[in-house]
Amino acid sequence: MTFNPKNDILAQIEPAVALRFARHIERVELSRGEALQETGAPVHWVWFPENALICMASESVEGESVSGGMVGRNGAFGAFEACGSRLSYCRALVQIGGEAWRIRDSHYRELFDQSSNLRVAIHKHIEALLVEARQLVACTAIHKVENRMCRVLLDASARSHRGSHLSLTQEELANILGVQRSTIAVTSSALQRAGLIRSRRGSIDILDFERLEAAACSCRRTIAFAQEEILETPDEVCEG
């Protein structure tokens, strides 16, 4: 199989290194709702989405869960854990089905060791995720659900490269935003009446990106600005 990834991180691997590891990296089709990783389980694969979207869900001991972020074409899942504890402390679910690349954790560690470009890309990706996680703590506390939902819809579209059509249910949005499904139903109706989205059973269509962007909470712009600065920093990382 030809190795020509559209994932932002994989695309940065040096051609010679990519050629050596191409047989270890496989392209797969991810199905909506598929569990790629369970909480507390060993990490056996590192995932690099192309047009799929992976949701990282944190779970309580009572079994309740809430999204801890979304990974799409811009990033990877399991890349940090595979080089660290080798355990996952969240559940990875496919939010939007599509194509992705995956590599066994043992081969990934070899690839990580041999590709300086990959080390830089992963370092920046993890830093960007930390910035986002910290910002979203504040977002949950101070911003209205309607504005947060606008941000989530725009992020899902951008990271999955799915354009205006998003395969997201109200229940899934409720889990991502950490609110009741009834709250999402009311919020969706308001955004639909305003002409920003069209909500259907099992999916949402974005009708006006510009107005949805204007309605999104300021955290979207704050996170985007910080992540852009991180990506523009010198291509070097601290190594022992």
Side-chain angles (χ1 to χ4, degrees), residues 6-8 29-34 47-57 65-75 77 92-100 125 128-129 131-133 135-136 138-140 142-228 231:
K6 294 181 175 63
N7 176 275
D8 293 348
E29 185 75 24
L30 302 182
S31 301
R32 179 181 181 179
E34 181 180 355
W47 305 84
F48 299 87
E50 286 199 331
N51 57 4
L53 191 69
I54 299 173
C55 178
M56 300 174 288
S65 66
V66 65
S67 171
M70 298 182 293
V71 173
R73 186 183 295 190
N74 63 313
F77 176 77
L93 293 171
V94 179
Q95 201 76 68
I96 296 178
E99 295 177 325
H125 177 52
L129 286 178
V131 168
E132 181 175 25
Q135 186 65 35
L136 294 188
C139 182
T140 301
I142 63 179
H143 289 146
K144 296 179 179 179
V145 173
E146 183 173 316
N147 306 114
R148 291 168 54 211
M149 181 169 163
C150 292
R151 170 183 55 75
V152 166
L153 293 176
L154 289 166
D155 286 346
S157 172
R159 297 180 190 187
S160 66
H161 285 244
R162 287 288 180 166
S164 60
H165 182 72
L166 300 173
S167 299
L168 290 171
T169 66
Q170 291 188 355
E171 183 176 354
E172 288 167 340
L173 282 170
N175 289 334
I176 291 172
L177 291 167
V179 298
Q180 297 295 319
R181 182 176 176 178
S182 57
T183 302
I184 295 298
V186 172
T187 304
S188 294
S189 296
L191 293 176
Q192 189 162 251
R193 287 195 302 272
L196 274 63
I197 66 170
R198 179 169 56 245
S199 180
R200 301 177 180 179
R201 184 178 180 85
S203 69
I204 289 179
D205 292 310
I206 298 176
L207 302 180
D208 194 325
F209 276 93
E210 187 174 340
R211 290 175 59 213
L212 196 68
E213 185 80 52
C217 65
S218 59
C219 290
R220 176 169 165 78
R221 295 182 292 279
T222 300
I223 293 169
F225 178 76
Q227 292 180 341
E228 184 176 344
L231 290 175

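What you see is a predicted model; the values in this text were computed from it and never measured.
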*Work out which heavy atom in Cys219 is nearest to a heavy atom in Cys139; give both atom names and the distance.*
SG-CB, 3.4 Å
*asked:* I'd like to know if the side chain of Asn7 and the backbone of Glu50 have a donor-acceptor N/O pair within less than 3.5 Å.
replied: no
*NE2-CD1 distance between His165 and Ile206, expressed to the nearest 0.5 angstrom*: 11.0 Å
*asked:* So, taking the atom named CG in Leu129 and the one named NE2 in His125, what distance separates them when rounded to the nearest 0.5 Å?
replied: 4.0 Å
_Could you report the tightest heavy-atom contact between Gly163 and Phe209, atom names first, then the distance?_
O-CZ, 3.8 Å
*With sequence neighbours excluded, tell me which residues meet salt bridge (Lys or Arg N to Asp or Glu O under 4.0 Å) with Arg220.*
Asp155, Glu213
List, one per line, each side-chain donor-acceptor pair under 3.5 Å for residues 181-190, sequence neighbours excluded.
{"unit_1": "Thr187", "atom_1": "OG1", "unit_2": "Thr183", "atom_2": "O", "d": "2.8"}
{"unit_1": "Ser188", "atom_1": "OG", "unit_2": "Ile184", "atom_2": "O", "d": "2.9"}
{"unit_1": "Ser189", "atom_1": "OG", "unit_2": "Ala185", "atom_2": "O", "d": "3.0"}

_Under the criterion side chain to side chain contact (heavy atoms under 4.5 Å, CB included), I'd like the reasoning laid out for Val71 against Arg159: C-alpha separation, chi angles, the key distance, then a yes or no._
CA-CA 7 Å; Val71 173; Arg159 297 180 190 187; over 6 Å; no
*Step-by-step side chain to side chain contact (heavy atoms under 4.5 Å, CB included) determination, Ser157 to Leu166*: CA-CA 7 Å; Ser157 172; Leu166 300 173; 4.1 Å; yes
*How far apart are the closest heavy atoms of Ala216 and Arg221, and which atoms are they?*
O-NH1, 3.9 Å
*Side chain of Arg73, backbone of Asp8: donor and acceptor closer than 3.5 Å?*
no
_So which atom in Pro49 and which in Ile54 form the shortest heavy-atom distance, rounded to 0.1 Å?_
CG-CD1, 3.7 Å
*Under the salt bridge (Lys or Arg N to Asp or Glu O under 4.0 Å) test, which residues partner Glu34, sequence neighbours left out?*
none
*Find the distance between CD (Gln227) and CG (Asn74) and round it off to the nearest 0.5 Å.*
7.0 Å
Donor-acceptor pairs are to be reported for all side-chain atoms of residues 146-153 against protein atoms at under 3.5 Å, with residues two or more places apart or in another chain.
{"unit_1": "Asn147", "atom_1": "ND2", "unit_2": "Ala215", "atom_2": "O", "d": "2.8"}
{"unit_1": "Arg148", "atom_1": "NH2", "unit_2": "Leu177", "atom_2": "O", "d": "2.5"}

*asked:* Working to the nearest 0.5 angstrom, can you tell me the gap between Leu168 CG and Ile204 CD1?
replied: 6.0 Å
*Does any non-hydrogen side-chain atom of Ser218 lie less than 4.5 Å from one of His143?*
yes
*From Cys217 atom SG to Leu154 atom CG, the distance as rounded to the nearest 0.5 Å*: 10.0 Å
*asked:* Within a 6.0 Å radius of atom CD on Glu210, are there more than 12 heavy atoms belonging to other residues, nucleotides or ligands?
replied: no
*asked:* Nearest 0.5 Å, please: how far is CZ in Arg211 from CG in Leu196?
replied: 4.5 Å
_So if I apply the side-chain contact (heavy atoms from CB on, under 4.5 Å) rule between Gln95 and each of Leu30, Ile176, Leu173, Thr169, which one comes out positive?_
Ile176
_Which residues pass the side chain to side chain contact (heavy atoms under 4.5 Å, CB included) test with Arg198, not counting sequence neighbours?_
Gln192, Arg200, Asp205, Leu207
_Sequence-distant partners of Val131, side chain to side chain contact (heavy atoms under 4.5 Å, CB included), two or more places apart_ = Ala226, Ile230
*Please assess Gln170 against Ser199 for the test side chain to side chain contact (heavy atoms under 4.5 Å, CB included), listing each intermediate value before the final yes or no.*
CA-CA 9 Å; Gln170 291 188 355; Ser199 180; 4.0 Å; yes
*Considering all heavy atoms, the nearest Ser160-Ile96 contact*: OG-CD1, 4.1 Å
